[in-house]
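A short worksheet on the structure shown next.
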Amino acid sequence: MSGYSADTRIRWTEWLPWVAAGAFFFLLPEYLSLGARILIFILFALSLDLILGYAGIITLGHSAFFGLGAYTAGIVSTQLAINEPFVQLAAAAAVAALLGVATGAVILRTRALTLLMLTLAITAILLEVANKATWLTGGADGLSGVKVDPILGFFRFDLYGRTAFLYCLIALFLGWWVVRRLIYSPFGAMLTGIRENTTRMHAIGAPVYWRLVLVYTISATMAGIAGALLTQTNQFVGLNVLGLEPSGDILVMLILGGVGRLYGAFIGPVVYLIAQDYLAKQYPEYWYFGIGTLLIAVVLFAPGGILGMVDKLRDKWLSLYKQKSSARASAR
Amino acid sequence: MRLTKIVALAAFALVSAAASAQTVKIGFITSYSGLNGNLGPYMERAVRLYIKQHQKELPPGVKIELIIRDDTGPNPDKARQLAQELVVRDKVDLLAGVIFTPNAMSMAPIATEAKVPFVIMNAGTSVITTRSPYIARVSFTLWQSSYPLGQWAAKKYKTAYTLVSDFGPGHDAETAFMQAFKEGGGNIVASVRVPLQNPDWAAYLQRVKDAKPDTLFVFIPAGKTATAVMKNFSELGLGQAGIKLIGPGDITTDEELPNMGDVALGVTTMFHYSAAGDRPANKAFVAAWKKEYGANETPNFLSAASWDGTAMIFEAIRQQKGKIDPDKTMAIFKSWKFANSPRGPISIDPETRDIVQNEYLREVRKVGGQLANVELETFAAAVKDPWKEQQKKK
């Protein structure tokens with residue numbers, strides 16, 4: 001686990017995801033729309049990791065912010081006829097942040113199961129509002145007719161997803177940079193403290209509640225931006241961005257990658273969405289079966305997620321190596 | 001981890017791209033999971049059956065490759081993503097299928113931008129075909145069935161209550177029925193729209209019972225939902241209270257009748273296809289279906305539309321000798337006529353690219369111990385979408 005005491009310089013391995021993303025852009029031009037989708041979900045997973053992995057806030061309703069951001073970006077275009085992508089993004093971030101601070105201030109007074117139920121309830125309410133307010137959201141038919149101007153007046157969102165991919169990549173890079181700064185800061189250390197022992201954090205005089213509200217709001221803003229990115233790349237919002245399903249999906253992706261690790265949020269969506277893409281194409285009738293098997297395998301054999309498993313293997317290898325070398329030393 | 005996955009995917013993509021040159025690729029999107037996930041196979045089977053029976057009629061050397069995708073129910077976001085991938089990655093010549101209106105609507109801009117002809121084999125909201133010049137519909141519109149049903153009901157009943165699913169097709173069904181019913185002198189007691197996904201029917205139906213209308217008009221997406229409505233209708237005793245259940249054929253689809261049981265007896269519907277239709281073309285179709293998929297299997301209206309849609313695609317392939325040009329294909333679709341459809345003579349309206357077909361008045365009866373939608377009369381012949389006809393006059 002990364003923490004305050006760790007070396008905060010960016011290691012060379014941390015550049016690998018970005019190199020991989022760049023290679024993806026040039027090598028697999030036909031898969032860019034899937035790529036953009038993966039980037040969006042990484043950003044969404046990263047926002048969840050911040051509250052679940054670092055601050056220990058258990059939530060099943062993170063899609064509330066994702067969906068609200070998605071709808072806000074869309075509605076700004078359909079109702080107010082503002083098609084400037086950065087304005088849409090800013091509006092989505094602002095609205096999601098508002099909901100984050102408003103709901104966070106209330107629900108973060110509770111803990112554990114109560115908290116879980118409340119997050120669930122907020123998403124359910126939003127889903128019902130979006131379903132009923134047909135004039136605003138398009139209801140079950142979805143919000144169509146969303147327009148997005150070319151970025152900076154030049155880069156149109158094309159059918160091949162080139163613009164979308166780069167746009168999402170830049171957004172994700174900024175999101176990653178912010179999260180990385182946060183978790184290596186005293187604020188990040190405080191969050192880890194709250195997760196590990198809330199009582200002790202109270203005892204040393206840390207403002208636990210306000211710290212939680214702050215991190216919840218930051219996370220909500222990021223999720224809102226991820227939702228807005230989805231709207232802009234799709235130019236469409238469906239009712240399914242809200243509700244239990246995307247909340248569950250993103251949680252599963254994060255668990256798959258490894259909770260409470262910065263790069264768990266990267267690995268999870270990549271594996272999950274590529275597996276989903278591959279299986280859905282190979283077995284359109286039974287692809288859920290494959291996803292289920294993958295999840296069971298991870299929960300049974302790699303409880304810390306894929307990164308947890310990698311760590312365990314590395315530790316085992318290292319200790320073996322040490323034993324051998326010490327054995328060799330004593331033999332000598 | 002990430003890189004090896006990508007390399008594996010790339011290798012796979014290269015292998016699958018190396019198909020033969022004279023292959024017509026059809027991207028086929030339907031639902032195998034989620035709400036009404038059981039309906040996807042009814043469409044796919046019809047397409048496969050048609051291809052199997054008629055492959056010889058294709059120009060020599062031309063093959064059809066069907067690329068199938070699951071849109072997971074009413075999930076427009078997913079459908080759009082799949083359509084985009086089919087166009088960009090698989091380079092399909094045509095798009096086809098689609099059960100749900102929201103999905104078809106989200107796919108329409110892709111058809112336009114990529115210039116890929118898009119054959120709609122179910123989704124029945126009138127407005128869909130206006131969303132892209134590359135859309136042609138072989139299924140039906142809700143207006144086609146609900147408007148004539150309103151006319152018929154106005155002659156028989158004085159008061160009606162409408163209950164529809166709250167999405168595009170539901171709104172169409174409600175508006176069409178109400179308009180025709182009122183024009184015929186009927187009175188609408190109340191109109192209720194219920195959420196598309198899993199509402200509690202008992203609450204809604206109890207209200208209907210209390211309002212005591214002569215008839216209850218229902219539209220919900222075909223499939224299991226219809227069975228739930230039917231069961232609640234009977235358990236709450238709406239039938240005994242003298243309320244007659246009517247609707248477009250979605251509420252008594254052929255494959256669900258055995259699950260509904262005797263509750264469905266006597267329900268009157270207006271629709272374009274019944275597996276019990278006694279046209280020779282339909283008998284042959286049903287017989288071929290049972291031979292291929294088993295004696296207990298029955299095709300439904302989604303199968304009929306998919307069958308006819310495949311016939312239309314075959315015509316386009318034949319005329320262009322296997323080389324699909326989007327604009328020529330649309331021209332062929334627009335002038336397409338099919339006298340031997342299982343549902344009777346059909347054609348595409350060249351102006352709107354929408355289906356023109358007969359509407360049959362049907363009642364659920366027992367035929368040889370099995371429930372069936374028995375066609376009583378051809379209520380209206382060669383019906384064009386009434387909504388579009390009204391829009392023209394405006």
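Chain letters run A, B, ... following the sequence lines, proteins first and then strands; every chain starts at 1.
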ask   = What's the spacing between B:Arg131 CZ and A:Ser144 OG if we round to 0.5 Å?
value = 5.0 Å
Heavy-atom closest contact (B:Pro102 atom, A:Phe236 atom, distance) = O-CZ, 4.4 Å
request  = Identify which of B:Ile110, B:Val88, B:Asp70, B:Asn75 forms the greatest number of heavy-atom pairs closer than 4.5 Å to chain A.
outcome  = B:Val88
message = Tell me whether B:Arg69 contacts the main-chain N or O of A:Ala280 through its side chain, where contact means a donor paired with an acceptor under 3.5 Å.
response = no
Heavy-atom donor-acceptor pair, B:Gln84 side chain to A:Leu159 backbone, under 3.5 Å = yes
request  = Heavy-atom distances under 4.5 Å only: say whether B:Arg89 touches chain A with side chain, backbone, both or neither.
outcome  = both
query = Got a salt bridge between B:Asp77 and A:Arg37, using NZ or NE/NH1/NH2 to carboxylate O under 4.0 Å?
reply = yes
key: Within 6.0 Å of CZ in A:Phe155, more than 12 heavy atoms from elsewhere   = no
request  = Go through the structure and list residues passing salt bridge (Lys or Arg N to Asp or Glu O under 4.0 Å) with B:Glu297, not counting sequence neighbours.
outcome  = B:Arg45
task = Kindly say whether B:Gly168 contributes a backbone atom to a donor-acceptor pair with the side chain of A:Asp141 at under 3.5 angstrom?
result = yes
inquiry  = Looking at A:Phe173, I want to see if its CZ is surrounded by more than 12 non-hydrogen atoms of other residues, nucleotides or ligands under 6.0 Å.
reply    = yes
note = In terms of heavy-atom contacts, A:Gly238 and B:Pro76 come closest through CA-CG, 4.0 Å
task = Inspect the surroundings of NZ in B:Lys91 and state if more than 12 heavy atoms from other residues, nucleotides or ligands are less than 6.0 Å away.
result = yes
ask   = Say you draw a straight line from CG of A:Leu230 to CD of B:Gln81; how long is it, rounded to the nearest 0.5 Å?
value = 9.0 Å
task = Return yes if a side-chain donor-acceptor contact under 3.5 Å exists between A:Asn131 and B:Asp166, otherwise no.
result = no
query = Got a sec, which pairs hit side-chain hydrogen bond (donor to acceptor under 3.5 Å, both in side chains) with one end in residues 102-119 of chain B, sequence neighbours left out?
reply = B:Asp71-B:Asn103, B:Thr112-B:Ser132
Partner chain B: residue of A:Gly161, A:Pro29, A:Ser33, A:Gly138 with the largest heavy-atom pair count (under 4.5 Å) = A:Ser33
request  = Measure distances from B:Ile67 to the heavy atoms of chain A and classify the residue's part below 4.5 Å as side chain, backbone, both or neither.
outcome  = neither
key: salt bridge (Lys or Arg N to Asp or Glu O under 4.0 Å) evaluation trace for B:Asp90 with A:Lys281   = CA-CA 11 Å; B:Asp90 301 303; A:Lys281 254 121 253 196; over 6 Å; no
request  = Please report the closest heavy-atom contact between B:Arg193 and A:Lys132, naming both atoms and the distance.
outcome  = O-NZ, 4.1 Å
note = Okay, B:Thr125 and chain A: the region with an atom under 4.5 Å from a heavy atom over there is neither
task = To the nearest 0.5 angstrom, please state how far the CD atom of B:Glu85 sits from the CG atom of A:Leu32.
result = 11.0 Å
